[in-house]
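One structure is given here, and the rest of the page talks about it.
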Amino acid sequence: MKIGIVGCAGRMGQMLIKEVLIHPDCTLVGAVEAPGNPVLGQDPGVLVGHDPTRLAITDDASSLFAAADAVIDFTAPQVTLRHAQQAADSNTALVVGTTGFDDEGQARLQAFGEKTFIFQAANFSVGVNLLLGLSQQVASILGNDYDAEILEMHHKHKVDAPSGTALALGRAVAKGRGVDLNQAAQRVRDGITGARTPGDIGFATLRGGAVIGDHTVMFAADGERIELTHKASDRSIYSSGAVRAALWSKNQGKGFYGMAEMLGFK
Ligand code: NAD
C-alpha cells in the first residue's frame with residue numbers, strides 16, 4: 001500500500017516514517033511538512049536514521065494526496081481539516097491522529113466521511129482502547145455513587161488540554177452512566193469552587209518533561225477508590241496503530257471510522 005505522511009518532522013511524524021519504512025506491506029510515497037520547515041528537501045529516511053529513500057520532503061500536500069492510497073496526519077486541527085478536503089477531492093484515505101478539534105471542526109472532519117475513508121482515533125494504542133471499554137463498563141456498574149475523575153499527564157510541548165484521550169475516557173464514563181459528557185464535564189477547578197456536584201466527571205491535567213502519555217480513570221467513594229491506569233512508554237504504540245488503520249482502509253468504503261470498528265468491539 002502506498003502511504004504518505006504529513007507533519008513528517010513532528011514527534012509522531014518521525015515515528016510514522018519509521019513504521020512505514022519497516023512495514024512489509026507499505027511503501028512510503030511521500031512526506032510533507034509545513035512551508036518554511038527546515039527539513040524541506042531532506043530525505044525522510046535519513047531524517048529518521050534509516051537508509052535513503054530517494055524521496056525528498058516537500059510542502060506540496062496535494063501531490064502527496066494524488067500519489068498515495070492513504071495519508072496519515074498527526075498535525076493540528078486546522079491543518080488536518082485542509083488535508084481532509086484534499087483527501088475528499090482525490091478520494092484518498094485519511095488516517096487522523098490529531099487531537100484538539102472544537103465541536104465545529106470535529107463535525108466538519110466527520111462530514112468528509114461522506115466523500116472518502118476517514119479514520120480518527122484520539123489514541124491509537126490497543127491498551128488505551130481497552131481502557132476506554134473498561135471505563136465505560138465500570139461506570140455503568142458503579143453509577144453516580146462513585147465520583148469519576150480523569151487524570152492525564154503529557155510532555156511539556158503538548159498544546160491542547162485535556163488530552164483527546166482524556167476526553168474520550170470522559171465520553172466512555174458518560175456513556176456508561178447514560179449521560180452527556182458536555183453536561184457532566186468539570187474541566188477546570190480554581191478558587192472557591194464549592195463542593196463537588198454529584199454526577200460530575202472531573203478532569204485534571206498535568207504537563208511536564210518528556211512524558212509520552214499517562215491516563216488514569218478514578219472512581220472514588222467513601223471508603224474506597226478504583227483506579228484504571230494506562231502509561232505509554234513508547235510512541236510506536238500510536239504509529240503502529242495508525243499504520244494498521246491505513247492498511248485496514250483497503251477493504252473499506254468511504255465512511256467515518258474509529259478503533260472500535262477496526263478492533264471489532266463496540
Ligand atoms: P508535533 O508538534 O511534534 O508535530 C506536528 C507536526 O505537524 C510538526 O512537525 C509541524 O511542523 C507539522 N505541521 C504543522 N503545519 C503543517 C502543515 N501545514 N503541513 C504539514 N505539516 C504541518 O506534535 P506531535 O506530538 O507529533 O502531535 C501531533 C498531534 O497528534 C497532536 O494533536 C497530538 O495530540 C496528536 N497525538 C495523537 C496520538 C494518537 O494516538 N491519536 C498520539 C500522539 C499525539
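Throughout, residue positions are numbered sequentially from 1 according to the sequence presented. Start at 1 and go down the list; that is how both ligands and their atoms are numbered. Just the heavy atoms: all of them, side chains too, but no hydrogens, waters or symmetry mates, feed the values below.
Close contacts between ligand 1 and A121 involve ligand atoms 41 (N) [criterion: under 4.0 Å to a heavy atom]. Listed by atom number, the atoms of ligand 1 under 4.0 Å from M12 heavy atoms are 26 (O), 43 (C), 44 (C). In the vicinity of R82, heavy-atom distances shorter than 4.0 Å reach the ligand 1 atoms 18 (N). Atoms of ligand 1 found under 4.0 Å from any heavy atom of T99 (numbered from 1 in listed order, with element): 32 (O), 33 (C), 34 (O). Taking every non-hydrogen atom of N37 and a distance limit under 4.0 Å, the qualifying atoms of ligand 1 come out as 11 (O).
Taking CG of D214 as the reference point, atom NZ of K231 lies at 5.5 Å (rounded to 0.5 Å).
Atom 25 (O) of ligand 1 has as its closest protein heavy atom R11 NE, 2.9 Å. Nearest non-hydrogen protein atom to atom 29 (C) of ligand 1 is T75 O, 3.4 Å. Closest to atom 30 (O) of ligand 1 among all protein heavy atoms lies F74 CD2, 3.6 Å. When only non-hydrogen protein atoms are considered, atom 15 (N) of ligand 1 lies nearest to V79 CG2, 3.6 Å. Of the protein's non-hydrogen atoms, G10 CA, 3.3 Å is the one closest to atom 4 (O) of ligand 1.
Residue Y238 has no N or O atom closer than 3.5 Å to an N or O atom of ligand 1. Some N or O of F124 is nearer than 3.5 Å to an N or O of ligand 1, by distance alone. In terms of polar-atom proximity, P35 is not counted as a contact of ligand 1, lacking any N or O under 3.5 Å from an N or O of the ligand. Note: an N/O pair closer than 3.5 Å links G97 and ligand 1 by distance alone.
Remark: the backbone N or O of D69 is not paired with any side-chain donor or acceptor of T92 at under 3.5 angstrom.
Two residues are said to be in side-chain contact when any heavy atoms from C-beta on lie closer than 4.5 Å; L81 and F101 meet this criterion. Between L228 and V138 there is a side-chain heavy-atom pair separated by less than 4.5 Å. Within the 4.5 Å cutoff, the side chain of K175 has heavy atoms near those of the Q136 side chain. In this structure the side chain of M259 reaches within 4.5 angstrom of the side chain of F119, judged on heavy atoms. Using a 4.5 Å cut-off on side-chain heavy atoms (C-beta onward), I72 and V243 make contact. Under the 4.5 Å side-chain criterion, counting only non-hydrogen atoms from C-beta, Y257 is not in contact with M262. K158 is listed as a side-chain neighbour of R207, based on a closest heavy-atom distance under 4.5 Å.
Scanning A31, G36, A34 for the heavy atom closest to atom 22 (C) of ligand 1 points to A34. Considering each of A232, A122, A242, C8, the one bringing a non-hydrogen atom nearest atom 39 (C) of ligand 1 is A122. The residue from E33, H155, R235 that puts a heavy atom closest to atom 20 (C) of ligand 1 is E33.
Neither the backbone nor the side chain of A76 has any atom closer than 4.0 Å to an atom of ligand 1 (non-hydrogen atoms only). Neither the backbone nor the side chain of S125 comes within contact range of ligand 1; no heavy atom lies under 4.0 Å. Under 4.0 Å from ligand 1, not a single heavy atom of V159 appears.
At a cut-off of 3.5 Å, with distance as the only test, no side-chain donor of H83 or Q85 sits close to an acceptor on the other residue. Side-chain contact of H215 with S163: a donor-acceptor pair under 3.5 Å is present, judged by distance alone.
Other residues, nucleotides and ligands contribute over 12 non-hydrogen atoms within 6.0 Å of the CG atom of D102.
The closest approach between G164 and ligand 1 stays at or above 4.0 Å for every heavy atom of the residue. At least one heavy atom of K158 sits less than 4.0 Å from an atom of ligand 1. The closest approach between a heavy atom of A9 and any atom of ligand 1 is below 4.0 Å.
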Acceptor/donor pairs from residues 3-32 side chains to any protein atom, 3.5 angstrom cut, sequence neighbours excluded:
unit_1	atom_1	unit_2	atom_2	d
Q14	NE2	A9	O	3.0
H23	ND1	D25	N	3.1

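Comment: E149 engages R196 in a salt bridge, judged by a side-chain N to carboxylate O separation of less than 4.0 angstrom.
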